[in-house]
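What follows is a single structure, written as structure tokens, with notes after it.
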Amino acid sequence: MATINQAAVKQDLYDAVNGEWLKTAVIPDDHSSTGVFMDLVDAIEKKLMHDFDAMAAGTVTPTILS
């Protein structure tokens, strides 16, 4: 765990806590944020688009849950 400079906390809490991450973080051009939840959203979208393409091609039949 990184050590946080206490003087920096008093000056600018946000920068003291997030400064190192902000220097290295890369937010994709097509997103407004990044993180684990965004990765989850991307994975779900990819899976859904794959499934929709397969259904449109007739290679998969939709399953109705009852």
Side-chain angles (χ1 to χ4, degrees):
M1 182 168 177
T3 303
I4 298 175
N5 180 330
Q6 294 302 313
V9 169
K10 292 176 184 177
Q11 183 69 27
D12 185 345
L13 177 62
Y14 182 83
D15 189 53
V17 174
N18 299 305
E20 288 302 314
W21 181 85
L22 289 169
K23 291 176 188 173
T24 59
V26 176
I27 298 175
D29 292 336
D30 62 338
H31 289 70
S32 61
S33 62
T34 189
V36 175
F37 289 110
M38 200 76 232
D39 294 344
L40 181 61
V41 167
D42 290 342
I44 291 169
E45 181 180 18
K46 184 177 179 181
K47 174 67 174 155
L48 285 173
M49 295 309 291
H50 174 268
D51 291 349
F52 290 148
D53 288 342
M55 283 187 269
T59 58
V60 173
T61 304
T63 303
I64 300 173
L65 302 175
S66 56

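- Linking Ile, Leu, Val, Met, Phe, Trp and Tyr residues whenever their side-chain heavy atoms come within less than 4.5 Å leaves I44 and F37 in two separate clusters.
- Taking CG of D53 as the start and CG of L48 as the end, the distance is 11.0 Å to the nearest 0.5 Å.
- Smallest separation of non-hydrogen atoms from S32 and I27: C-CG2, 4.1 Å.
- More than 12 heavy atoms of other shown residues, nucleotides or ligands fall within 6.0 angstrom of atom CG in D30.
- Taking CE from M55 and NE2 from H50, the interatomic distance works out to 10.5 Å, rounded to the nearest 0.5 Å.
- How far CD of E20 is from CG of D15: 9.0 Å, rounded to the nearest 0.5 Å.
- Residues V9 and W21 do not share a hydrophobic cluster, clusters being chains of Ile/Leu/Val/Met/Phe/Trp/Tyr side chains in contact below 4.5 Å.
- Within 6.0 Å of NE2 on H31 lie more than 12 heavy atoms contributed by other residues, nucleotides or ligands.
- With respect to D51 and K47, a salt bridge is recorded, a charged nitrogen being found less than 4.0 Å from a carboxylate O.
- Within the 4.5 Å cutoff, no side-chain heavy atoms of K10 are placed close to those of Q6.
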